[in-house]
Amino acid sequence: MSRKVVRASKFRHVYGQAVKADQCYDDIRISQMTWDSNFCSVNPKFVAMIVDASGGGAFLVLPLSKTGRIDMSQPTVCGHTGPVLDIEFCPHNDNIIASGSEDCSVMIWEIPDGGLVSPLKDPVVKLEGHSKRVGILSWHPTAHNVLMSAGCDNVVILWNVACGEAVVRIDSVHPDLIYSACWNRDGSQILTSCKDKTLRVLDPRKGTVLYEREKTHEGSRPVKAVFVSDGKILSTGFSRMSERQVALWDPKSFGEPLTLQELDTSSGVLLPFFDPDTGIVYLCGKGDSSIRYFEVTDEAPYVHYLSMYSSKESQKGMGYMPKRGLEVNKCEIARFYKLHERKCEPIVMTVPRKSDLFQEDLYPDTMGPEPSVEAAEWFEGKEGKPVLISLKDGFVTTTKSKEFKVHKSLLKTTAASSGHHNNSGEVHALQEEVNTLKEAVEELTKRVCELESKM
């Protein structure tokens with residue numbers, strides 16, 4: 001008699017749980033735009049969500065601790081003249097966020113540490129180069145100030161954000177609308193999926209196609225794809241009969257998929273989130289009320305179904321917390337920020353363990369916030385390997401997050417830098433003045449609170 005043997009995996013019992021109601025972000029009017037991006041970006045300091053706005057586009061940036069009901073008068077980032085389609089925080093500086101919009105521009109914003117106190121209308125940098133709306137943004141994982149944008153003009157642009165210039169323009173590769181674009185782990189390759197049903201792996205500096213595969217999914221609905229371990233590619237799409245599919249590919253032998261599984265017949269596009277530390281891929285369907293998760297391994301059938309988190313309400317978007325923002329003492333391996341129509345709800349993925357000690361097998365060294373190469377060096381050909389950090393004592397910043405500097409040719413940078421040597425006294429005086437002003441503001445805030453409580 002043969003007994004069915006269950007595959008051994010430490011992630012077999014991973015479970016998802018929504019946080020309590022008072023830890024959600026309530027009364028937020030999430031954008032009604034029909035666009036297949038995440039609509040949410042999150043890091044260890046802030047959560048950002050694209051919101052409904054009249055007369056232009058806006059998104060909300062809140063400190064993670066500002067939970068509960070969000071006041072209607074909460075200031076937003078509202079510099080775009082058309083709806084915002086995608087936002088993404090910079091991996092090397094938690095205060096910097098990029099936004100792409102229907103107004104054909106990409107804007108870079110600096111969020112002050114405590115969050116916004118007044119509407120933010122002026123970006124640090126405005127990047128103009130697309131002729132149609134910009135729907136996809138992705139920061140380079142290891143090079144500082146390198147941003148990729150993809151627009152509905154079928155063009156991919158790589159920007160040196162500090163100079164505000166488009167360094168690489170890939171405009172002859174995609175014959176149709178680009179559905180997704182992402183980097184591999186060290187940023188040496190770009191993966192795109194397109195309306196012509198082709199997956200392409202590109203050399204980012206040359207803009208040439210390294211590998212491509214036509215008709216990865218037969219259906220006409222959007223395909224999303226991400227790099228997973230060992231350079232393999234995981235894609236989500238639809239069959240000819242409109243069934244949702246997930247497939248794994250090896251670009252070096254792109255002929256047949258390593259595996260192709262049919263999931264269900266829902267119509268929502270599946271957004272894949274891959275965690276390289278655990279090998280787990282999470283599939284969040286737009287309009288679904290569930291998150292499926294699979295483990296990607298080297299043994300057939302390669303993509304192993306683990307479980308599914310289900311809830312009653314459907315998701316309009318999803319934010320994914322970087323590993324350094326998780327609570328390691330609670331064995332939390334992922335945290336999602338699920339957008340409902342009127343709120344944002346964090347969902348925690350946990351591996352059940354009895355011990356309270358640090359679980360080294362769950363938390364190998366992970367990507368830190370320190371870049372390994374500067375933008376100019378990277379564009380010249382220098383590769384940058386990820387700088388890893390240990391999560392053993394919870395993530396503590398050992399270095400000041402990379403300062404965001406804009407070098408415009410109009411600002412005489414050489415003259416400015418030469419004058420830096422003998423102005424430490426001026427800096428000290430300015431710092432003292434800032435501290436005095438901060439104290440005055442705190443005093444006034446207290447006074448206002450007291451007066452409001454008496455009314």
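Both backbone and side-chain heavy atoms feed into the values below; hydrogens, waters and symmetry mates do not.
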Please find out if less than 6.0 Å separates the ring center of [X] from that of [Y].
| X | Y | value |
| --- | --- | --- |
| Y305 | Y293 | no |
| W378 | W183 | yes |
| F274 | F227 | no |

Residues K215, T198; criterion side chain to side chain donor-acceptor pair (under 3.5 Å); working and verdict: CA-CA 6 Å; K215 294 199 173 170; T198 304; over 6 Å; no
Measure across [X] and [Y] and return the closest heavy-atom pair with its distance rounded to 0.1 Å.
| X | Y | result |
| --- | --- | --- |
| V387 | S372 | CG2-CB, 3.7 Å |
| H140 | G187 | NE2-O, 3.0 Å |
| M49 | C344 | SD-CB, 3.5 Å |
| D94 | P44 | OD2-CD, 3.9 Å |
| V84 | I50 | O-CG2, 3.5 Å |
| G384 | T142 | O-OG1, 2.9 Å |

Approximate separation, where rounding is to 0.5 Å, of [X] [atom1] and [Y] [atom2]:
| X | Y | atom1 | atom2 | value |
| --- | --- | --- | --- | --- |
| I389 | T366 | CD1 | OG1 | 6.5 Å |
| S41 | W139 | OG | CH2 | 10.5 Å |
| L177 | K195 | CG | NZ | 6.5 Å |
| I87 | F39 | CD1 | CZ | 9.5 Å |
| K197 | D176 | NZ | CG | 11.0 Å |

So, [X] side chain and [Y] main chain: donor-acceptor pair closer than 3.5 Å or not?
| X | Y | result |
| --- | --- | --- |
| T259 | Y302 | no |
| S138 | C182 | no |
| Y337 | G317 | no |
| E377 | E374 | yes |
| T76 | L60 | no |
| S193 | V223 | yes |
| D103 | T81 | yes |
| D27 | I70 | no |
| R205 | V168 | no |
| S101 | P83 | yes |

With side chains defined as the heavy atoms from C-beta onward, is the minimum distance between [X] and [Y] less than 4.5 Å?
| X | Y | result |
| --- | --- | --- |
| I333 | T350 | no |
| C284 | F273 | yes |
| V167 | L158 | no |
| L306 | F294 | no |
| T192 | L202 | yes |
| R185 | M367 | yes |
| I347 | Y309 | yes |
| Q17 | M349 | no |

S289 vs Q315, side chain to side chain contact (heavy atoms under 4.5 Å, CB included): CA-CA, chis, key distance, verdict: CA-CA 6 Å; S289 53; Q315 56 229 17; 5.6 Å; no
Answer yes when [X] and [Y] have at least one side-chain N-carboxylate O distance shorter than 4.0 Å, and no when they do not.
| X | Y | value |
| --- | --- | --- |
| D356 | K330 | no |
| D113 | K45 | yes |
| D288 | K316 | no |
| D196 | R200 | yes |
| D22 | K20 | no |
| D275 | K323 | yes |
| D361 | R353 | yes |
| K286 | D36 | no |
| E295 | R12 | no |
| E380 | K382 | no |
| D250 | K232 | no |
| K252 | D230 | no |
| D26 | R69 | no |

Working for side chain to side chain contact (heavy atoms under 4.5 Å, CB included), residues V134 and D86: CA-CA 8 Å; V134 184; D86 198 14; over 6 Å; no
Full working for side chain to side chain donor-acceptor pair (under 3.5 Å) between T216 and W249: CA-CA 9 Å; T216 44; W249 308 85; 5.6 Å; no
Parallel, tilted or perpendicular: rings of F59 and W109 (30°, 60°): perpendicular
Check: H217/S239 side-chain N/O donor and acceptor closer than 3.5 Å: no
Distance-only polar pair, side chains of T208 and D203, donor-acceptor under 3.5 Å: no
Taking atom [atom1] as the centre, does [X] end up with more than 12 heavy-atom neighbours from other residues, nucleotides or ligands that are less than 6.0 angstrom away?
| X | atom1 | value |
| --- | --- | --- |
| K224 | NZ | yes |
| D298 | CG | no |
| E383 | CD | yes |

Side chain to side chain donor-acceptor pair (under 3.5 Å) between E345 and H340, intermediate numbers included: CA-CA 8 Å; E345 174 186 49; H340 299 240; 2.9 Å; yes
Trace of the side chain to side chain contact (heavy atoms under 4.5 Å, CB included) decision for L147 with N160: CA-CA 7 Å; L147 178 70; N160 181 341; over 6 Å; no
Trace of the side chain to side chain contact (heavy atoms under 4.5 Å, CB included) decision for M33 with E102: CA-CA 11 Å; M33 287 297 295; E102 271 200 1; 3.2 Å; yes
Distance under 6.0 Å and angle within 45° of ring axis: R213 vs F254: no
